[in-house]
Amino acid sequence: MTVEQWGVQVPVRQGEETRQALIGEGVLDVTLKVLRDGDTLVFPVLQERDGITRYNFEEQPGRIEIPRHEQVGGIAIMQENDPDGAAKILASRPSLHTVLFPKTEVSGEYRTRMYAVLAGTDTTRTEVVEHGHRFAVDLAGAYFSARLSTERQRVFKQMQEHELVLDMFAGVGPFAITLAPRASLVVAVDLNPQAILLMIENIRKNRAANVIPMLADARRLEKILPWKFDRIIMNLPLASTEFLPEAFRLVRPEGTIHFYSLVSTEGEHLARIKELGGALVTERVVRSYSPGQWHAVYDVVVG
Ligand code: SAM
C-alpha cells in the first residue's frame with residue numbers, strides 16, 4: 001500500500017549523510033520506504049519544510065501502522081482526535097514524550113492555538129533542534145513553526161558581517177538567534193510575554209548575547225528605538241501591509257526588509273511596497289497555505 005507523505009529529495013551520493021541527519025533531527029518517517037527516483041533518493045519525513053513536496057511512499061513491511069502526524073521536537077501533533085493512534089505514535093519513537101491534538105485554529109494576536117494531550121506527558125513544552133540551534137518552545141503559549149527553518153538559513157546567508165537587525169515579530173526568537181552570529185546586534189520584539197520569556201531562555205541556551213529581547217508593540221518601535229537597521233524581519237503573514245510604514249521608518253537607506261505575507265495573487269503588495277520606497281523588490285513563494293493562497297516573502301531593498 002502507498003501512503004502520501006512529505007519527501008526530502010537528494011542526489012544518491014548524499015543519501016547516507018541525509019539519512020543520518022534526518023534520524024538525528026528525529027524527523028525521518030521510519031514507517032515508509034525511501035524512494036529511488038533516477039539519480040536521486042526521496043526520504044519520507046514527518047514535517048513539511050520549505051521547498052519540499054509530497055510523494056507516494058510504500059509502507060515498510062511488518063511495521064505497525066502509525067497514524068499521520070507532524071513532529072515538533074519531542075511532540076507529535078495529530079490531525080485526528082485518536083487516543084489509540086496517539087499511543088501507537090508514542091510507542092514508535094523514543095524521542096517523543098507527548099502526542100497532541102489541536103483543539104482550535106491558530107488565532108488571536110499571539111498566533112497561538114489550544115491543544116488536547118492525547119498521550120504521554122501532560123505538556124505543550126518541548127525543545128526543537130534546528131541547524132545547530134536549540135529552541136525551547138511551548139506550542140500553546142507562543143507561536144513556533146519549524147517550517148521556516150530553510151527560510152531562516154536563506155536570510156542568514158544573505159547577511160554581511162556586523163549588521164544591525166530588527167525582528168519585529170520575533171516569537172521565541174528563531175530568526176533572531178539564527179541571524180545573531182553575523183549581526184552586531186539583533187533587537188527581537190514581540191507582544192506576547194510568554195514568547196519573550198521563552199526567547200530569554202533561548203538566548204541563554206544558544207549563547208546569543210547580542211540579541212535584545214523586547215516586549216513591545218511593533219507599532220510603537222520608531223518612538224522607542226534609537227537606531228536605523230540594516231535588515232528587518234517582518235513575519236506576521238496575516239497582518240498584510242499594516243506594519244510596512246513602520247518598517248520603512250526604521251530601515252536605513254539601502255537596507256533590506258524581508259516582508260512575509262499571505263497572498264492570493266502574484267505581486268499583490270508590489271505597488272504598496274514601491275509607494276513606500278522599495279527600490280528593488282524580489283517576491284518568492286515560501287509555502288502553500290490553502291488552495292489559491294500561499295505564503296510569500298518580499299525581499300525589499302530600500303531606496
Ligand atoms: N518570527 C517568529 C517565528 O518565525 O517563529 C514568530 C512569528 S508569529 C507568525 C508572529 C508573532 O508576532 C507572534 O509571536 C505574535 O505574538 C507577535 N505579534 C503579533 N502582533 C504583534 C505586534 N503588534 N507587535 C509585536 N509582536 C506582535
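Along the sequence shown, the residues carry numbers beginning at 1.
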- ring-ring contact (aromatic ring centres under 6.0 Å, His included) against Tyr289, all qualifying residues, sequence neighbours excluded: His295
- Those residues that, when tested against Arg252, pass side chain to side chain contact (heavy atoms under 4.5 Å, CB included) (two or more places apart): Lys228, Asp230, Glu254
- Query: Would a distance-only check, ignoring hydrogens and angles, find a side-chain to backbone donor-acceptor pair under 3.5 Å from Ser264 to Gly292?
  - Reply: no
- Note on the structure: In this structure, CD of Glu4 is separated from CG of Leu32 (nearest 0.5 Å) by 11.0 Å
- Test ring-ring contact (aromatic ring centres under 6.0 Å, His included) applied to Phe248 - qualifying residues, sequence neighbours left out: none
- Query: Where is the tightest heavy-atom contact between Pro213 and Ile200, given as atom of each residue plus distance?
  - Reply: CG-CG1, 3.8 Å
- Would a hydrophobic clustering, with Ile, Leu, Val, Met, Phe, Trp and Tyr connected at side-chain separations under 4.5 Å, put Val165 with Val251? no
- Side-chain heavy atoms of Thr31 within contact of Ser92, under 4.5 Å: no
- How about Gln79 and His69: do any of their side-chain heavy atoms sit closer than 4.5 Å? no
- Query: Given the rule that I, L, V, M, F, W and Y join up when any side-chain heavy atoms are under 4.5 Å apart, are Leu118 and Leu139 in one cluster?
  - Reply: no
- Message: Taking Glu246's backbone N and O only, do any of them form a donor-acceptor pair with Glu222's side chain (distance below 3.5 Å, no angle check)?
- Response: no
- Query: At their closest point, which heavy atom of Ala176 faces which heavy atom of Val211, and how far apart are they?
  - Reply: O-CG2, 3.9 Å
- Message: Quick check on the hydrophobic clustering: are Val12 and Ile23 connected, directly or via other members, by side-chain heavy-atom contacts under 4.5 Å?
- Response: yes
- If you look only at pairs with a residue in residues 103-117, which of them pass as a salt bridge (charged side-chain N to carboxylate O under 4.0 Å, His left out), with sequence neighbours excluded? none
- Item | Pairwise side chain to side chain donor-acceptor pair (under 3.5 Å) hits with a residue in residues 179-200, at least two apart | none
- Would you indicate whether the side-chain heavy atoms of Val117 and Leu100 approach each other to under 4.5 Å? yes
- Message: Please enumerate all residues that pass side chain to side chain contact (heavy atoms under 4.5 Å, CB included) together with Leu185, with sequence neighbours excluded.
- Response: Leu164, Val187, Ile212, Trp227
- Message: Within this structure, what is the OG1-OH distance for the pair Thr104 and Tyr115, rounded to the nearest 0.5 Å?
- Response: 7.5 Å
- Cationic N near anionic O, under 4.0 Å, Asp29 to Arg68: yes
- Query: Quick check: are there more than 12 heavy atoms from other residues, nucleotides or ligands sitting under 6.0 Å from CD of Glu16?
  - Reply: yes
- Query: Can you list every side chain to side chain donor-acceptor pair (under 3.5 Å) pair that touches residues 202-215, not counting sequence neighbours?
  - Reply: Glu127-Lys205
- Message: Main chain of Thr121, side chain of Thr98: is a donor-acceptor contact present, judged purely on distance under 3.5 Å?
- Response: yes
- Rounded to the nearest 0.5 Å, what separation is found between the OH atom of Tyr298 and the NE2 atom of His258? 15.5 Å
- ILVMFWY cluster, Val297 and Ile257 together (side-chain gap under 4.5 Å): no
- Message: If you apply the rule side-chain contact (heavy atoms from CB on, under 4.5 Å), what do you find for Trp6 with Leu46, and how did you get there?
- Response: CA-CA 7 Å; Trp6 295 106; Leu46 297 162; over 6 Å; no
- Message: Taking the side chain as everything from C-beta on, heavy atoms only, tell me whether Val281 gets closer than 4.5 Å to His269.
- Response: no
- Any idea which heavy atoms bring Ala216 and Leu221 closest together, and the distance? CB-CD2, 4.2 Å
- Query: Side-chain contact, heavy-atom cut-off 4.5 Å: Glu80 with Pro67?
  - Reply: no
- Task: Determine, step by step, whether Thr126 and His97 satisfy the side-chain contact (heavy atoms from CB on, under 4.5 Å) criterion, reporting the C-alpha distance in whole Å, the side-chain angles of both residues, the deciding distance to 0.1 Å, and the verdict.
- Result: CA-CA 9 Å; Thr126 190; His97 55 76; 3.1 Å; yes
- Specify the closest pair of heavy atoms between Gly173 and Met199, including all atoms of both residues, with the distance to one decimal. CA-CG, 3.8 Å
- Query: Quick one: does Trp294's side chain get under 4.5 Å of Val286's, heavy atoms only?
  - Reply: no
- With the side chain counted from C-beta on, respond yes when Val172 and Pro174 share a heavy-atom pair under 4.5 Å apart, and no when they do not. yes
- Message: If the condition is side chain to side chain contact (heavy atoms under 4.5 Å, CB included), which residues does Ser145 pass it with, not counting sequence neighbours?
- Response: Tyr143, Arg147
- Message: Distance check, rounded to the nearest 0.5 Å: Leu262 atom CG versus Leu236 atom CG?
- Response: 11.0 Å
- Out of Lys157, Glu151, Arg152, which one pairs with Arg154 under the side chain to side chain contact (heavy atoms under 4.5 Å, CB included) rule? Glu151
Name each donor-acceptor pair under 3.5 Å that joins a side chain in residues 35-45 to protein atoms two or more places apart or in another chain, with its distance.
{"residue": "Arg36", "atom": "NE", "partner": "Gly38", "partner atom": "O", "Å": "3.1"}
{"residue": "Thr40", "atom": "OG1", "partner": "Gln9", "partner atom": "NE2", "Å": "2.9"}
{"residue": "Thr40", "atom": "OG1", "partner": "Asp37", "partner atom": "O", "Å": "2.7"}

- Query: Within a strict 4.5 Å, meaning less than it, do heavy atoms of the Val34 and Arg19 side chains meet?
  - Reply: no
- Query: Does the pair Arg219/Glu242 count as a salt bridge with the N-to-O cut at 4.0 Å?
  - Reply: yes
- Message: Suppose the criterion is ring-ring contact (aromatic ring centres under 6.0 Å, His included): which pairs have a residue in residues 165-217, not counting sequence neighbours?
- Response: Phe169-Phe243, Phe175-Tyr260
- Message: Working to the nearest 0.5 angstrom, can you tell me the gap between Asp84 CG and Ile89 CD1?
- Response: 11.0 Å
- Message: Show every ring-ring contact (aromatic ring centres under 6.0 Å, His included) that has at least one partner inside residues 178-215, sequence neighbours left out.
- Response: none
- Message: Does Ile203 form a side-chain contact (heavy atoms from CB on, under 4.5 Å) with Ile177? I'd like the steps, not just the answer.
- Response: CA-CA 7 Å; Ile203 289 169; Ile177 288 166; 4.3 Å; yes
- Query: Between the side chain of Gln158 and the main-chain N/O of Val155, is any donor-acceptor distance below 3.5 Å?
  - Reply: no
- Task: Kindly state each residue pair satisfying side chain to side chain donor-acceptor pair (under 3.5 Å) with at least one member in residues 270-281, sequence neighbours excluded.
- Result: Arg272-Glu275
- Item | Least distance between heavy atoms, Ala142 atom then Leu198 atom | CB-CD1, 4.0 Å
- Query: Do Val302 and Phe259 belong together in a cluster built from hydrophobic side chains that touch within less than 4.5 Å?
  - Reply: yes
- Over all atoms of both residues, closest heavy-atom pair of Ala170 and Ala188: CB-CB, 3.7 Å
- Message: Quick one, Val137 with Ile75, criterion side-chain contact (heavy atoms from CB on, under 4.5 Å). Give me CA distance, side-chain angles, the key distance, then yes/no.
- Response: CA-CA 10 Å; Val137 305; Ile75 293 180; over 6 Å; no
- Query: What's the spacing between Thr2 OG1 and Lys33 NZ if we round to 0.5 Å?
  - Reply: 12.0 Å
